[in-house]
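For reference, the structure discussed in these notes is given below.
The figures here come from the full heavy-atom set of this structure, side chains too, leaving out hydrogens, waters and symmetry mates.
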Amino acid sequence: MQDKSLSIDIATLNQYEPKYLQAQMVTAVILALGSNHRATEYLSRVREKLATLGKLKCSAAFENPDFTATKEQPKPNYTNQCVYLELDSGMSLQQLQQLFKSFEGECHRVRESASILPALSEGSLAQTELSQVVLPPSAWRQVTMDIDILLIKSEDNEASGSCWIIMADRYPFKAHENAGITALIARDVLF
């Protein structure tokens, strides 16, 4: 098997903001999965969910310090993994984003703003009281599952001869994302 990681320059791929790609029919994605709370359990759970959508190949999992942690605000380490998913049936980017958000929710993902929105919509918390809401550090430090789309392969893009599109909001990739993508390329998965 030829090592294609030497002949492919990710930086030469087209980059687009996701908002311009919402209607694109996606045939494959490269995902970055991350968890800093019960990572083995939640990574396994989400990989099972992803496998129901198509062919799945994974890089090794990497444990990394949270790059947003400081001495004043320490945070637990993350376990990260890159995943190649070739979809059995094409979906729009928008559908995929919604589906991945539901997968995160099934893993009990709590986002900072999500924990106060139900109270606002039910009227039990007045808009003026919103500024008084303080979330405990554990509410934002524990990320059970984070699914980020790094690259997409779309039907439209395949016709033009270029295979992959980088999600511009995710580029440049973090070190663990580069390591995961490189591992997938070395396995002849991507190109």
Legend entry - Note, L85 side chain near I30 side chain (heavy atom, < 4.5 Å): no
Legend entry - Contact check, side chains of K153 and V29, non-hydrogen atoms, under 4.5 Å: no
Legend entry - Beyond-backbone contact of I10 with F173, side-chain heavy atoms, under 4.5 angstrom: yes
Inset, instruction - Please check if the side chain of T182 supplies one atom and the backbone of N178 the other of a donor-acceptor pair under 3.5 Å. - result: yes
Legend entry - Closest non-hydrogen atom pair between N77 and P65, with its separation: OD1-CA, 3.2 Å
Inset, instruction - Using the side-chain contact (heavy atoms from CB on, under 4.5 Å) rule, pick out the option among T70, T68, V143 that qualifies with K75. - result: T68
Inset, instruction - Please state whether the rings of F103 and F100 are parallel, tilted or perpendicular, taking 30° and 60° as the class boundaries. - result: tilted
Inset, instruction - Decide yes or no for L43 and T79: does some side-chain heavy atom of the first lie under 4.5 Å from some side-chain heavy atom of the second? - result: yes
Legend entry - Side-chain touch R45/E48, heavy atoms, less than 4.5 angstrom: no
Legend entry - Nearest non-hydrogen partners of Y42 and H108, listed with the distance: OH-CD2, 3.3 Å
Inset, instruction - Pick out which of I152, I166, I165 makes a side-chain contact (heavy atoms from CB on, under 4.5 Å) with Y16. - result: I165
Inset, instruction - With the side chain counted from C-beta on, respond yes when S154 and T27 share a heavy-atom pair under 4.5 Å apart, and no when they do not. - result: no
Legend entry - F62-L33 co-clustered via ILVMFWY side chain contacts under 4.5 Å: no
Inset, instruction - Would you check if K101 and R109 make a side-chain contact, meaning some heavy-atom pair closer than 4.5 Å? - result: no
Legend entry - Shared hydrophobic cluster, I185 / Y171 (ILVMFWY, side-chain heavy atoms < 4.5 Å): yes
Inset, instruction - State, to 0.1 Å, how close C107 and V46 come at their nearest heavy-atom pair, and which atoms those are. - result: SG-CB, 4.5 Å
Inset, instruction - Indicate whether any N or O donor in one side chain lies under 3.5 Å from an N or O acceptor in the other, for E86 and Y84. - result: yes
Inset, instruction - Establish whether L53 and M145 are linked, either directly or via other cluster members, by ILVMFWY side-chain heavy-atom contacts under 4.5 Å. - result: yes
Inset, instruction - Report the residues that fulfil side-chain hydrogen bond (donor to acceptor under 3.5 Å, both in side chains) with K49, sequence neighbours left out, ordered by chain and then residue number. - result: E106
Inset, instruction - Show your reasoning for whether side chain to side chain contact (heavy atoms under 4.5 Å, CB included) applies to L151 and L31. - result: CA-CA 7 Å; L151 297 110; L31 305 172; over 6 Å; no
Inset, instruction - For the pair E104 (side chain) and I147 (backbone), establish whether a donor and an acceptor sit closer than 3.5 Å, ignoring hydrogens and angles. - result: yes
Inset, instruction - Could you tell me whether the side chains of R38 and Q142 share a donor-acceptor contact shorter than 3.5 Å? - result: no
Legend entry - Nearest non-hydrogen partners of M167 and L93, listed with the distance: SD-CD2, 4.2 Å
Inset, instruction - Report yes or no: does S92 contribute a side-chain atom to a donor-acceptor pair with the main-chain N or O of Q24 at less than 3.5 Å? - result: no
Legend entry - Residues forming a side-chain contact (heavy atoms from CB on, under 4.5 Å) with P76, sequence neighbours excluded: N36, R141
Inset, instruction - Would you give the length of the straight line joining atom CD of E177 to atom CG of N80, rounded to the nearest 0.5 angstrom? - result: 7.5 Å
Legend entry - Main-chain N/O of H37 paired with T144 side-chain donor or acceptor, under 3.5 Å: no
Legend entry - Hydrophobic cluster membership, L99 vs V83, 4.5 Å side-chain cutoff: yes
Legend entry - Residues in side-chain contact (heavy atoms from CB on, under 4.5 Å) contact with Q98, at least two apart in sequence or another chain: Q94
Legend entry - Taking every non-hydrogen atom, the tightest pair across C82 and H176: SG-O, 4.4 Å
Inset, instruction - Provide the closest heavy-atom pair for Q22 versus K19 in the form atom of the first, atom of the second, distance. - result: CG-O, 3.7 Å
Inset, instruction - Answer yes or no: is there a side-chain heavy-atom contact under 4.5 Å between Y78 and E63? - result: no
Legend entry - Cluster link L184 to L13, ILVMFWY, side chain under 4.5 Å: yes
